[in-house]
Every structure is written in structure tokens, then in C-alpha cells.
Amino acid sequence: MHKLDESLLANLPPFRKLARSQIREVLDAAQSIRFDAGAAVFSEGMPVDRFYLLLDGHIRVVRTTAGGDQIIVLHIAPGQLFGIGAALGRTTYPATAMTADDCIVLAWPNHLWASFTARHDGFATETYKVVGERVGEMNTRLVELATQQVEQRIACAILRLVTQMGRKVEGGIEIGVPITRQNLSDMTGTTLHTVSRLLSGWERDGIVASERRKITVTAPHRLVELSGVGP
DNA sequence: GCATTAAGGCCCC
DNA sequence: GGGGCCTTAATGC
């Protein structure tokens with residue numbers, strides 16, 4: 001296995017304050033793993049044995065209900081830590097991490113967590129920040145689920161994806177991760193049929209343009225209006 | 001306003 | 001050709 005380059009981590013928030021030698025040390029302790037799209041990096045209920053950093057690709061954190069329905073809890077963008085049960089005092093993973101496309105991750109054995117937070121300046125505070133942001137997002141979504149109608153919830157979900165992994169293309173902002181109607185319904189507590197019907201309408205109105213597994217927002221301001229943030 | 005059911009079309013492995 | 005993805009329409013709560 002070839003040595004990983006230090007520039008991979010140097011600009012990522014958890015490692016930004018580290019010296020070159022420290023980054024080398026962190027990288028040498030990591031295992032780099034490639035996953036095809038649709039693979040589980042770890043599964044709900046498994047013992048927490050490692051923590052991860054997503055280098056490339058996108059991760060869906062999902063929970064499966066007793067009835068077999070899948071709930072998409074959140075998405076992980078490149079450069080983010082995930083599977084950090086160690087930071088939360090968990091012994092098992094609370095959800096499954098599914099790759100949304102081809103992914104490259106770094107994995108460290110769990111016992112290194114304590115020394116990472118103790119020895120590497122900025123690592124712990126960045127971790128708390130990430131956890132805080134995710135809790136905040138989940139709070140927002142909880143309120144949406146409880147108070148908003150389906151159309152607004154889907155608009156909010158798409159806007160979040162745009163914020164987190166949108167990339168500018170000519171004519172709009174494309175969501176940088178493959179998203180199906182079913183995926184959107186799994187994020188918003190509705191059915192793929194309702195999502196399909198609404199997206200078709202939005203496409204007719206020129207708000208979005210979509211192909212299979214791909215959504216481009218062509219009129220973000222109008223989607224914001226639909227999301228119900230304002231009057 | 002929304003889920004459910006049904007029925008069909010398209011694309012890609 | 002079969003499975004995954006998407007659409008549309010009808011019906012009912």
C-alpha cells in the first residue's frame with residue numbers, strides 16, 4: 001500500500017492545526033478503504049470499533065425500521081468525520097453508513113480516539129462542532145416533520161442537499177450526490193409517488209431540472225419560497 | 001392533502 | 001430480459 005499524502009488532511013478542519021509531523025503520524029495510523037456505491041461502511045448495532053473520515057464520495061446515514069422502511073438520517077460530505085461513536089460514549093453504531101456513490105474513507109481503530117483528542121490541538125473542538133451541527137440539523141428536521149406539509153419538507157430537504165453538496169453548473173446548482181425519488185421520500189417521511197408528482201410539477205414550473213438520480217435546482221429562490229421559511 | 005394501488009415506460013447491466 | 005428508477009391516474013381516507 002502506498003503512503004498517503006499529507007496534503008489529504010492538512011486543510012480539513014479536524015487536522016488544520018496540526019504540524020506536518022503530527023499529520024504524518026495520524027496518516028500512518030489510518031487504514032484507507034475504498035467502497036463501491038451502495039456498500040455499508042458499518043451497520044446499525046455493530047460494535048463501535050473504528051472511527052472514520054470521508055475523503056471522497058458521499059455517505060448516507062440510515063436507520064431501518066422494524067417494518068423494513070428506511071429512514072435517511074443525514075448525509076456526510078467529503079472531509080467530514082463519521083462513525084464517531086467513540087466521542088459519544090457508544091458501544092454500538094446507532095445507524096448504518098451507506099455509500100451513496102464510490103467512496104474512499106480513512107479508518108482508525110477506536111482506541112486511538114482518546115490520544116487524538118488529547119494530543120492533537122483542535123481535533124476535539126472540531127468534533128464537537130460537527131456533532132453540534134448534526135444535532136441542530138436533526139432538530140430542524142424534527143420541527144419540519146411535525147409542523148410542515150410534504151411540499152415544504154421536500155423543498156427544505158433539497159435546499160439542505162444544495163447547501164451541503166451543491167455544485168454550480170450552468171443553469172443552476174446541481175446536487176452532487178445521486179438522489180432518487182425514493183431517497184427523498186426516505187428523508188421526508190412521504191412516498192416516492194408524492195415526491196415524483198411534486199418534482200414533475202416543479203420541473204414544469206422551471207424550478208428544478210432532473211434526470212434519473214440527478215437533481216439540479218434552476219430557481220433556488222423559488223424553492224426557498226416553497227419551503228415556507230417566509231410569509 | 002396525502003397515501004395507496006395499479007399500470008405502464010425508460011434505461012442499463 | 002429483468003431490475004431499478006420514474007411517471008401518471010384513479011381511488012379513498
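Worth knowing before you read on, the calculation uses all heavy atoms, side chains too, and leaves out hydrogens, waters and symmetry mates. Here is the naming used below: chain letters follow the sequence lines, and residue numbers restart at 1 for every chain.
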Check your understanding: Okay, side chain of A:S185, backbone of A:Q182: is any donor-acceptor separation there less than 3.5 Å?
Key -> yes

Exercise for review: For A:R181 and B:dA3, give me the distance from atom CZ to atom P, rounded to whole Å.
Suggested key: 16 Å

Review point. Can you name the nearest heavy-atom pair linking A:A95 to A:V61, along with the distance?
Key: CB-CG1, 3.6 Å

Point to revise | d(CZ, A:R204; C1', C:dC6) in whole Å | key: 13 Å

Point to revise | Interatomic distance, A:K214 NZ vs C:dC6 C1' [rounded to whole Å] | key: 16 Å

**Study point:** Nearest-angstrom distance from the residue atom CZ of A:R213 to C1' of B:dC10
**Key:** 15 Å

Check your understanding: Just to confirm, is there a sub-4.0 Å distance from OP1 or OP2 of B:dA3 to any side-chain nitrogen or oxygen of A:T191?
Key -> yes

Check your understanding: Within this structure, what is the CD-to-C1' distance between A:E151 and B:dG1, rounded to whole angstrom?
Key -> 11 Å

Review point. Can you tell me if the side-chain N/O atoms of A:T180 get under 4.0 Å from OP1 or OP2 in C:dC5?
Key: no

Check your understanding: Are the aromatic rings of A:F82 and A:F51 close, with centres under 6.0 Å apart?
Key -> no

Check your understanding: Under 4.0 angstrom, heavy atoms only, what part of the nucleic acid is A:S210 near: base, sugar-phosphate, or nothing?
Key -> nothing

Practice item. In plain terms, say whether A:D36 and A:R34 are close enough for a salt bridge, that is, a side-chain N and a carboxylate O under 4.0 Å apart. Key: yes

Review point. Once you round it to whole Å, what is the distance between C1' of C:dC5 and NE2 of A:H193?
Key: 11 Å

Check your understanding: So does A:R197 get a side-chain nitrogen or oxygen closer than 4.0 Å to the phosphate oxygens (OP1/OP2) of C:dT7?
Key -> no

Review point. When you check the phosphate oxygens OP1 and OP2 of B:dC11, does a side-chain N or O of A:R212 lie under 4.0 Å from one of them?
Key: no

Check your understanding: Counting just side-chain N and O atoms, does A:S196 come under 4.0 Å of either OP1 or OP2 of C:dT8?
Key -> no

Review point. Of all the nucleotides listed (C:dT7, C:dT8, B:dA3), which has the minimum atom distance to the side chain of A:T194?
Key: B:dA3

**Study point:** Distance in angstrom units between A:L192 CG and B:dA6 P, rounded
**Key:** 15 Å

Point to revise | Short N-O contact, A:E144 and A:R153, less than 4.0 angstrom | key: no

Check your understanding: Whole Å only: how far is the CG atom of A:L199 from the P atom of C:dC6?
Key -> 9 Å

